[in-house]
A.B. asks: 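My questions will all concern the structure given below.
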Number of protein chains: 2
Amino acid sequence: MRMSAEERRESVIRAAMIEFARSGYRGTSTETIARRVGVSQPYLFRLFPSKQAIFAAAAERCIEETWKVFDEASAGLTGEEARVAMSRAYAGLVEDRERLMMQMQLYVSVFAAEMAGEGDIGEAARKLWRELFERVRIRVGGDVKDATQFMAYGMLVNTLVALGYPREDRMWDGFDQHDGCE
Amino acid sequence: MRMSAEERRESVIRAAMIEFARSGYRGTSTETIARRVGVSQPYLFRLFPSKQAIFAAAAERCIEETWKVFDEASAGLTGEEARVAMSRAYAGLVEDRERLMMQMQLYVSVFAAEMAGEGDIGEAARKLWRELFERVRIRVGGDVKDATQFMAYGMLVNTLVALGYPREDRMWDGFDQHDGCE
DNA sequence: GTAGGTAGTGATTGGCCACTAACTTTGATC
DNA sequence: GATCAAAGTTAGTGGCCAATCACTACCTAC
């Protein structure tokens with residue numbers, strides 16, 4: 001029952017990822033997160049300075065883990081093999097709709113944050129994306145066009161999963177069967 | 001100043017598209033929308049039965065307009081020509097980041113709505129998307145793969161614009177220059 | 001066994017928000 | 001110029017929510 005503050009913070013991040021993914025930043029109350037953690041609501045504010053901080057921690061964790069999946073899937077591979085491996089890994093990752101939604105919530109929050117004047121959040125997110133693109137580009141053989149196409153299909157899958165199409169209904173989902181342009 | 005209910009509803013939808021795009025469903029108060037329309041907040045509930053209904057109307061309008069842009073751009077064209085025309089048109093449309101964000105908010109809200117038990121919203125959104133895809137497919141010549149690729153690049157552009165990449169920085173944005181697989 | 005630090009709670013507060021009800025204004029028609 | 005419907009408002013309600021504060025329970029070291 002009783003944990004160290006560090007362990008509790010970890011539980012809070014996990015719970016927050018689920019709840020924010022489900023209902024977004026504004027739609028999630030700290031009460032809900034606390035209930036999932038199994039702790040009183042005011043205690044969250046001992047572990048984090050604000051609700052914003054909890055969201056930021058959850059978003060960062062989400063990106064970290066996403067990159068980790070890409071990296072591990074394509075380790076030691078190049079070109080076409082790397083692309084197929086990453087496609088498969090991403091398709092699997094994203095099958096967990098809740099996890100994907102956290103990613104989507106982050107995209108949406110960038111704009112809201114910029115509107116609210118917190119400019120550096122957007123810059124950080126863009127940098128992460130650029131890095132991801134560069135790494136993918138290198139793994140798939142260096143061609144910008146190939147990498148672009150890979151990312152484009154990824155974003156399509158994001159949208160379809162977000163909208164809740166069951167896998168078998170995505171008849172246009174050529175992501176992991178797709179054999180490229182050439 | 002004084003308008004017919006139908007005209008007012010129209011203004012409300014326009015205002016709602018802007019505000020929901022900026023702050024999302026939960027982050028937008030009906031008061032904010034009403035202020036933008038130039039009308040008292042309770043009056044919104046004469047024009048629409050609920051906040052949900054306002055959002056639904058805004059979302060539907062958003063997708064309708066997207067198709068309208070595709071339709072007009074590709075009128076009288078088919079196949080490759082149609083695809084290029086629609087690509088160009090979409091790139092222009094999406095340059096209005098605020099308008100794009102309404103689309104993103106819709107994607108994100110579907111999941112939240114389903115989690116909250118309002119199942120038909122998700123089904124409606126999927127139907128709208130499927131129709132859009134079908135219409136595009138026919139315009140580009142009937143091939144599922146071509147249509148898929150078109151939509152995939154569209155979703156990539158969505159993400160890049162949502163993240164706030166300035167146009168000239170999207171070095172991997174091959175959307176409107178892209179000349180297809182074949 | 002007690003002193004002190006860490007984990008955790010209950011009660012509360014000030015503010016916001018969707019929605020309702022009851023009322024007023026406006027303008028077209030006769 | 002009275003009437004009636006449609007356009008629009010003011011005032012209010014009940015509920016939720018982030019954050020604060022003052023408190024209690026538990027553990028460890030001496």
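Reminder, nothing fancy here: chain letters follow the sequence lines and each chain counts from 1. No experiment lies behind these values; they were computed from the predicted model shown.
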A.B. asks: Any side-chain N or O of B:Arg46 below 4.0 angstrom from OP1/OP2 of D:dG8?
C.D. replies: no
A.B. asks: Just the rounded figure in Å: distance from P of D:dG12 to CD of B:Gln41.
C.D. replies: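 Taking atom P of D:dG12 as the reference, CD of B:Gln41 is at 15 Å.
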A.B. asks: Is it the case that atom CD in B:Glu65 sees more than 12 heavy atoms from other parts of the structure closer than 6.0 Å?
C.D. replies: yes
A.B. asks: When the distance from CZ of B:Phe45 to P of D:dA11 is rounded to whole Å, what number comes out?
C.D. replies: 19 Å
A.B. asks: By nearest heavy atom, map A:Pro42 and A:Thr32 onto DNA chain D; which one lands nearer the 5' end?
C.D. replies: A:Thr32
A.B. asks: Could you check whether B:Phe70 and B:Phe150 have their ring centres less than 6.0 Å apart?
C.D. replies: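 Under 6.0 Å, so yes.
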A.B. asks: In whole angstrom, give the distance that lies between atom CZ of B:Arg26 and atom P of D:dC16.
C.D. replies: 11 Å
A.B. asks: On DNA chain C, compare the nucleotides closest to B:Ser29 and B:Arg2; which residue's is nearer the 5' end?
C.D. replies: B:Ser29
A.B. asks: In whole Å, what is the span from the CE atom of A:Met3 to the P atom of C:dA7?
C.D. replies: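 Whole-Å distance recorded here is 12 Å.
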A.B. asks: To the side chain of A:Lys51, which of D:dA7, C:dG8, D:dA19 is closest?
C.D. replies: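 Of the candidates, D:dA19 comes closest.
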A.B. asks: Near A:Glu98 CD, under 6.0 Å, is it more than 12 heavy atoms from other residues, nucleotides or ligands?
C.D. replies: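 For A:Glu98, atom CD is crowded (more than 12 foreign heavy atoms under 6.0 Å).
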A.B. asks: Can you tell if the side chain of B:Met115 reaches within under 4.5 Å of the side chain of A:Met101, non-hydrogen atoms only?
C.D. replies: no
A.B. asks: Check the distance between C:dT9's P and A:Met1's CE and give it to me in whole angstrom.
C.D. replies: 8 Å
A.B. asks: For A:Glu19 and D:dA18, give me the distance from atom CD to atom P, rounded to whole Å.
C.D. replies: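 That distance rounds to 12 Å.
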A.B. asks: Looking at A:Arg26, I want to see if its CZ is surrounded by more than 12 non-hydrogen atoms of other residues, nucleotides or ligands under 6.0 Å.
C.D. replies: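 Atom CZ in A:Arg26 is not packed in, count stays at 12 or less.
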A.B. asks: In terms of side-chain heavy atoms of A:Val39, which of D:dG8, C:dA18, C:dT9 is nearest?
C.D. replies: C:dT9
A.B. asks: Could you state the CZ-C1' distance from A:Phe20 to D:dA18, rounded to the nearest angstrom?
C.D. replies: 12 Å
A.B. asks: Is the phosphate of D:dA18, meaning OP1 or OP2, less than 4.0 Å from a side-chain N or O of A:Thr30?
C.D. replies: yes
A.B. asks: I need the CG-P distance between B:Leu44 and D:dT10, as an integer number of Å.
C.D. replies: 14 Å
